Each structure stands twice: as structure tokens, then as C-alpha cells.
Amino acid sequence: MKKSQFSWRLSPVCLLLGSIWATGAWAAPATPAVPASALTMDAAPQPVQPALMHAKLWPSGADPQPYLVSEKLDGVRAFWDGQSLRFRSGLPVATPAWFAAGLPTTPLDGELWLGRGRFDEVSGTVRKKRPVEAEWRQLRYMVFDLPGAPGSFAERTQRIQTLVTEVNQPWLQTVAQTQVRQAAGLQARLKQMVNEGGEGLVLHRANALWSPGRSDALFKLKPLPDEEARVIAHLPGKGRHAGRMGALLLALPDGQQFALGTGFSDAQRADPPPVGAVVTYRYRDRTPKGLPRFASYLRVQPQ
């Protein structure tokens, strides 16, 4: 992207914050806060987000026995409300008519998936305003919960299997759930999954009732933890990255901000995730204030 094309993204706030960039390292605690009014002034109305369950990070050494364990799929999460398919943001997924017609009237929570390591392909397929038939024929909708349904998670899992059997469509499948008896066995399972190309594990307490938000009923386990944050500004690059994005200024759910400057390809720096987008980043640990250490960009979440 030409420098003149990129410069429109850089607000006065971005230019001010650009001074904290030095030799590729960002000092998150020194990043000045961006007023809320400045962030929302030009924001478009946000869609209503569906009420879904969200995973916490699995605590080290915890007992996995009360939980059902499944693979953490590297796909795009999608909510079926009984009539239409939506992203987590609430925006609709442009879905082929045959795909929607084959789904039950029961609300479903799952992932649109192509296979391990193919997130970019899935994202490219489902973000198109006009679905491409051949691409959607390769997708699978992997269902792992029934939002709002009564009963324990173990009971809901059995109902999912019944629904999938009744629908009898090859692209509608159940996420397999198993039990792991000990913490050591869980780590062995994680290692095996990663060696086979998987992303990680999800643990859902078997006796838990469905409840939206984050709770101790649902966890994720990966070799390196990851979290999500919202883009609030593009910070200008220096040196080799002059004229394009140097880092993303991100807002955490608790309101804290930090600059994410590593993990981007040259193409991603030339055309970075837009302000308002939700991105996923990996990190090793957190500072006492809760800011991520050694954070690296992973992907942008489809909206």
C-alpha cells in the first residue's frame, strides 16, 4: 500500500502514540489512554451479539475428571438461531440456501471448519458477501452446544448427536467429547493433539447447565494461551515499516490498552485489521497489572 493511501488511517492520537515505538519494542505501560469519546465518534452501530458461553484459561494442575474434553477447532465460530447463521458479533453469515435449509430449528453453537491449520481458508470463505458454492461444499459445521437448552452439558451433548443423526447431512457434525482422568493424562493428550496439528483442547464441565458468558464450566488449554482484544488505533511504523502500520493499539475487556507490534506479515502491515475489529493474540504471561507479555498477533476474527 502506498504511503498516501495509508496515511488516512493515522489519527492525531496515532501520531502521538507513534513516539513510543523504538527498535520494534513497545512499552505497554507507557501507552497513553485513548478517550472513549474519541473511539466511538465515528463508530457504526454495533449488532446485537448473541448470548454464548466463552472459555477461560485452564488452570495448571487442575483435575480434569469432572469435564468432557474435545479438540479446540481452528475454525470460525458460528451461532445458528434456528433461522439464520451469525458470527459471534451478531452479523449474519452469507450462507447458501441449501446449507441453511438443512439445519434444524433448534439453536446451535459450533464452528465452521475445514480441517486443522486451515483457518485462513475458512475465514475467507465465510466472510464473502456472496457465498461460493464450491467452497461451502467443503465446509463442516461442527456443533458443540445447544444455547439456552436445559439439562447438563453431558445431556446436551447426547441431544446434539440425536439432532445430527436426524438431520443426516454430511456437513453437520458433532464435536467428539471424551473424558481424561488425571492432570498428567490431560497434558499428554494436549501434546499428542498439538503433534498431530491440532490447536489445543476444550474442557466443559459435564454437569454444568448452559449459562452465557465466562464461568468455571468452560475452559481452553493450549501450549501458549491466547486472548482477544479490540483494535482502537493503528500506530505508525518506523524504519523498515515506515509508511505502514507499526503496531495495533488494542483495548482489553477490562479497559486497559496495549500496543501489539509483532507477529505481522508485510502484507498485514500494509492492510491491517480495521479499527473496531477483534483480533486474537498469543502471549506467554501477564504483568502484575494484567497486560500481556511477549504478545504476538495471531489472526483477526471474522465479523
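These numbers were taken from a predicted model, which means no experiment stands behind them. Counting from 1, the numbers follow the sequence of the chain as shown.
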What's the separation between atom OG in Ser296 and atom CG in Leu260, rounded to the nearest 0.5 Å?
7.0 Å
Among Ile, Leu, Val, Met, Phe, Trp and Tyr joined by side-chain contacts under 4.5 Å, find the other residues sharing a cluster with Val278 and list them by chain and number.
none
Please say whether more than 12 non-hydrogen atoms of neighbouring residues, nucleotides or ligands are located less than 6.0 Å from CD in Gln83.
no
Going by side chain to side chain donor-acceptor pair (under 3.5 Å), name the residues that satisfy it together with Asp226, two or more places apart in sequence or in a different chain.
Lys220, Lys222
Does a salt bridge link Arg137 with Glu133, judged by any charged N lying under 4.0 Å from a carboxylate O?
yes
Taking every heavy atom of Pro225 against every heavy atom of Leu57, the minimum-distance pair comes out as CB-CD1, 3.8 Å
Tell me, with the steps shown, if Glu227 and Thr280 meet side chain to side chain donor-acceptor pair (under 3.5 Å).
CA-CA 6 Å; Glu227 292 290 350; Thr280 302; over 6 Å; no
Do Tyr281 and Phe258 make the cut of ring centroids closer than 6.0 angstrom?
yes
Test His234 against Leu248 for side-chain contact (heavy atoms from CB on, under 4.5 Å), laying out the working first.
CA-CA 5 Å; His234 297 149; Leu248 299 177; 3.5 Å; yes
Only residue of Glu228, Gln49, His54 satisfying side-chain hydrogen bond (donor to acceptor under 3.5 Å, both in side chains) with Arg88 is Glu228
Write down the atom of Gly290, the atom of Leu252, and the distance for their closest heavy-atom approach.
O-CD1, 4.1 Å
Above 12 or not: heavy atoms from other molecules or residues under 6.0 Å from NZ of Lys128?
yes
Quick test of your reading of the model: are Glu71 and Arg116 salt-bridged, counting only N-O distances below 4.0 Å?
yes
Salt-bridge criterion met for Arg299 and Asp74 (N-O under 4.0 Å):
yes
Spacing of CG belonging to Asp216 relative to NZ belonging to Lys56, to within rounding of 0.5 Å
4.0 Å
Run the side-chain contact (heavy atoms from CB on, under 4.5 Å) test on Val126 and Phe87 for me, step by step, so that the C-alpha distance in whole Å, both residues' side-chain angles and the decisive distance to 0.1 Å come before the verdict.
CA-CA 9 Å; Val126 303; Phe87 295 114; 3.8 Å; yes
To the closest 0.5 Å, what do you measure between CE (Met53) and CG (Asp109)?
9.5 Å
The side chain to side chain contact (heavy atoms under 4.5 Å, CB included) partner of His204 among Asp145, Val69, Thr157 is Asp145
So, do Arg118 and Gln138 sit near enough that their side-chain heavy atoms are less than 4.5 Å apart?
yes
Here the gap from Leu52 atom CG to Ser211 atom OG, rounded to the nearest 0.5 Å, amounts to 12.0 Å
List the atom of Trp210, the atom of Gly148, and the distance in Å for their closest heavy-atom pair.
CD2-N, 3.2 Å
Got a second to check how far Tyr283's OH is from Leu291's CG, nearest 0.5 Å?
11.5 Å
Would you indicate whether the side-chain heavy atoms of Thr106 and Trp80 approach each other to under 4.5 Å?
no
Under 4.0 Å between a Lys/Arg side-chain N and an Asp/Glu carboxylate O for Asp271 and Arg244?
no
Can you find a side-chain donor-acceptor pair between Thr178 and Arg189 that sits under 3.5 Å?
yes
Distance from Thr125 atom OG1 to Leu112 atom CG, nearest 0.5 Å?
9.5 Å
Ring center gap for Tyr67 and Trp58 short of 6.0 angstrom
yes
Should Arg230 and Leu250 be marked as a side-chain contact (heavy atoms from CB on, under 4.5 Å) after you check the CA-CA gap, both sets of side-chain angles, and the distance that decides it?
CA-CA 5 Å; Arg230 189 170 297 278; Leu250 302 181; over 6 Å; no
Does atom CZ (Arg284) have a neighbourhood of more than 12 heavy atoms from anything else shown, all under 6.0 Å?
no
Heavy-atom distance under 4.5 Å between the side chains of Leu186 and Leu221, does that happen here?
yes
Under the side chain to side chain donor-acceptor pair (under 3.5 Å) rule, collect the residues that match up with Ser265, sequence neighbours excluded.
Gln268
Residues two or more places apart in sequence or in another chain: which of them pass side chain to side chain donor-acceptor pair (under 3.5 Å) with Gln173?
none
We want to know whether Gln256 and Asp254 form a side-chain donor-acceptor pair, criterion being a heavy-atom distance below 3.5 angstrom.
yes
State, to 0.1 Å, how close Val231 and Pro273 come at their nearest heavy-atom pair, and which atoms those are.
CG1-O, 4.1 Å
Taking atom types as modelled and ignoring hydrogens, do the side chains of Ser84 and Asp81 form a donor-acceptor contact shorter than 3.5 angstrom?
yes
Smallest heavy-atom separation, Leu172 atom then Pro104 atom, equals CD2-CD, 4.3 Å
Identify whether the distance between the nearest side-chain nitrogen and carboxylate oxygen of Glu199 and Lys72 falls below 4.0 Å.
yes
If the condition is side chain to side chain donor-acceptor pair (under 3.5 Å), which residues does Arg127 pass it with, not counting sequence neighbours?
Ser123
Got a sec, which residues hit ring pair (Phe, Tyr, Trp, His ring centres under 6.0 Å) with Tyr297, two or more places apart in sequence or on another chain?
Phe264
When you look at Leu235 and Met245, which way does the side-chain contact (heavy atoms from CB on, under 4.5 Å) test go after all the steps?
CA-CA 6 Å; Leu235 305 182; Met245 184 271 292; over 6 Å; no
Taking the six-membered ring where the residue is Trp, are the ring centres of Trp171 and Tyr141 under 6.0 Å apart?
no
How close do Arg181 and Pro64 get, counting heavy atoms only, and between which atoms?
C-CG, 4.2 Å
Is the shortest heavy-atom distance from the side chain of Leu190 to the side chain of Pro223 under 4.5 Å?
yes
